[in-house]
Amino acid sequence: MILLPVHKYSVLEEQIKEVQRNVLFARSVVEKHLSGIIFVDNVNKPRTSLIAHPYGMLLLMGDFDNKTFNDEFKSYALNAKRSREKHEWLIAASPEWDNVLTDLFGDSLIKAPENSGKEASGIIELNGRMNFSFNVQKYAQFEKRTIPEHDLIVKTDAVLFEQMTGSVIPQKFWDNAKDFETNGSGYTLLHNAEIAATAFSAFVHENLLEIGIETIEKYRGNGYAELICCKLIDECLESGFLPVWSCRSENTASVQLAGKLGFETTLSFPFYRLSD
């Protein structure tokens, strides 16, 4: 696998738009919305590529019958050289790729319930990922909750951008606060002036805006994710954006919230967790 120079990322722009699964995270790298890394088999005429978003998400696309690249990728995926310090999540571009990976990973591929989230070197944990489409009529029928007393929803600015903690926050999806304020959007729910939850644009492409959500652990169970997502969805509709939702199949809270907010399942496919 060869590192593709940033100035050559454009060679993959048309190919990535043909992927039927939601891979806006990888498009963000290819279109240089943020800093990422791309590996290919050939710098000038890539047949196969691995696109890495800094959040820890990967897309494998292109020619799935590329033995040399596949063998090198297998070594990377199994962390044979112990170069990966944290786990990563992999999406393959097509069902054909999934078939290849099943053979490539062999006995190292273990279903998520069997592995129970345990860290184990050389293990590929098989999860599921779901893509949704937004039904605006269904959302219009959704009865929105009133914001509780002592709670306030505000636009996420540079100060809040820097203050947020958690795993799914704007800092993980944008290079800096200025870029987020200029090209992204989001809202923060404050409880007694303390950050409790956020919903934000993880990726923005053309008229598509993919939603990212985080609720601080001690505030979970209060319906804050629902409140904050409604605010961002309303802004999307007012501004002509189509809200996009994707999540792990095993994330039942996210799946259920998506259904309440008018999202309907369109695709389900394998989602691979590469151990560190």
Side-chain angles (χ1 to χ4, degrees), residues 1-9 11-12 15-16 19 21-30 32 34-129 167-168 172-173 246-251 268-276:
M1 298 194 306
I2 306 167
L3 193 63
L4 184 67
V6 175
H7 71 274
K8 287 184 173 289
Y9 281 11
V11 299
L12 299 175
Q15 184 183 38
I16 199 170
V19 178
R21 297 170 175 179
N22 175 13
V23 291
L24 293 183
F25 74 93
R27 276 191 63 183
S28 293
V29 175
V30 170
K32 293 179 278 192
L34 83 170
S35 304
I37 296 174
I38 301 177
F39 295 99
V40 295
D41 62 326
N42 184 291
V43 169
N44 295 315
K45 293 184 177 181
R47 289 171 50 204
T48 312
S49 57
L50 178 69
I51 303 167
H53 186 283
Y55 180 65
M57 291 188 68
L58 309 170
L59 171 65
L60 191 58
M61 74 171 189
D63 181 5
F64 54 83
D65 191 23
N66 189 341
K67 187 178 186 308
T68 300
F69 187 94
N70 291 356
D71 288 343
E72 292 177 358
F73 171 71
K74 178 180 179 180
S75 176
Y76 174 87
L78 296 177
N79 204 18
K81 297 180 180 180
R82 300 294 183 267
S83 58
R84 185 168 52 253
E85 298 180 352
K86 63 179 183 178
H87 69 264
E88 294 176 307
W89 291 93
L90 170 71
I91 291 176
S94 65
E96 291 82 5
W97 260 117
D98 291 320
N99 293 335
V100 169
L101 292 179
T102 297
D103 292 337
L104 194 67
F105 294 150
D107 292 339
S108 298
L109 186 63
I110 299 176
K111 291 184 179 180
E114 297 172 13
N115 192 44
S116 302
K118 296 178 181 177
E119 294 289 344
S121 181
I123 292 297
I124 309 296
E125 184 183 277
L126 179 61
N127 293 254
R129 188 156 181 87
S167 59
V168 186
K172 304 289 183 69
F173 296 85
S246 295
C247 66
R248 276 197 312 127
S249 305
E250 294 78 8
N251 188 346
S268 296
F269 50 87
F271 194 32
Y272 308 88
R273 185 182 187 274
L274 313 185
S275 61
D276 54 14

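Since the structure is predicted, the reported quantities are computational estimates derived from the model, not experimental observations. All residue numbers in this chain count up from 1 along the given sequence.
Put simply, the side chain of Ser275 does not reach to within 4.5 Å of the side chain of Ile124, judged on heavy atoms. Between Val168 and Tyr55 the shortest side-chain heavy-atom distance falls below 4.5 Å. Under the 4.5 Å side-chain criterion, counting only non-hydrogen atoms from C-beta, Trp97 is not in contact with Leu104. You'll find the side chain of Val40 stays beyond 4.5 Å of the side chain of Val11, heavy atoms only. Residues Leu3 and Phe39 have side chains in contact (heavy-atom distance under 4.5 Å, counting atoms from C-beta outward). Under the 4.5 Å side-chain criterion, counting only non-hydrogen atoms from C-beta, Leu60 is in contact with Phe69. Considering only heavy atoms from C-beta on, Met57 stays 4.5 Å or farther from Val23 through its side chain.
Within a 6.0 Å sphere centred on CD1 of Ile2, other residues, nucleotides and ligands contribute more than 12 heavy atoms. Counting non-hydrogen atoms of neighbouring residues, nucleotides and ligands closer than 6.0 angstrom, the CG atom of Asp103 exceeds 12 such neighbours.
By the 30° and 60° cut-offs, the orientation of the rings of Phe271 relative to Trp89 is parallel. The aromatic rings of Phe105 and Phe73 lie tilted to each other, with the angle between the two planes from 30° to 60°.
When each of Glu125, Glu88, His87 is tested with Arg273 by the rule side chain to side chain donor-acceptor pair (under 3.5 Å), just one qualifies, namely His87. Checked against Met61 for a side-chain contact (heavy atoms from CB on, under 4.5 Å), the options Ile91, Leu12, Thr48 give a single hit: Leu12. The side-chain contact (heavy atoms from CB on, under 4.5 Å) test with Leu58 is passed by exactly one of Tyr272, Phe25, Tyr76: Tyr76.
To the nearest 0.5 Å, atom OG of residue Ser108 and atom CG of residue Leu274 are 11.0 Å apart. Here the straight-line distance linking atom CG of Leu109 with atom OG1 of Thr102 works out to 6.0 Å at 0.5 Å rounding. Leu24 CG to Ile16 CD1: the interatomic distance, rounded to the nearest 0.5 Å, is 9.0 Å. Atom CG in Asn70 sits 7.5 Å away from atom CG in Asp65 (nearest 0.5 Å). A distance of 5.5 Å separates CD1 in Ile38 from CG in Leu4, rounded to the nearest 0.5 Å. Taken to the nearest 0.5 Å, the CD1 atom of Ile51 stands 12.5 Å off from the CD1 atom of Ile37.
Contact between Asp98 and Ala92 at its shortest, heavy atoms only, is OD1-CB, 3.5 Å. What you find for Ser246 and Asn22 is that their closest heavy atoms are OG-ND2, 2.7 Å. Residues Pro54 and Gly36 approach most closely at CD-CA, 4.2 Å, considering heavy atoms.
A cation-pi arrangement is present between Arg21 and Phe269, with the terminal nitrogen or guanidinium carbon under 6.0 Å from the aromatic centre and inside a 45° cone about the axis.
Glu85 places no side-chain N or O within donor-acceptor distance of the main-chain N or O of Asp276, the cut-off being under 3.5 Å. Between the side chain of Asn127 and the backbone N or O of Arg129, no donor-acceptor pair lies under 3.5 Å. Side-chain N or O atoms of Asn42 include none that pairs as donor or acceptor with a backbone N or O of Arg47 at under 3.5 Å.
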For side-chain contact (heavy atoms from CB on, under 4.5 Å), just list the numbers for Val29 and Tyr9, CA-CA rounded to whole Å, side-chain angles, deciding distance to a tenth of an Å, and then say yes or no.
CA-CA 8 Å; Val29 175; Tyr9 281 11; 4.2 Å; yes

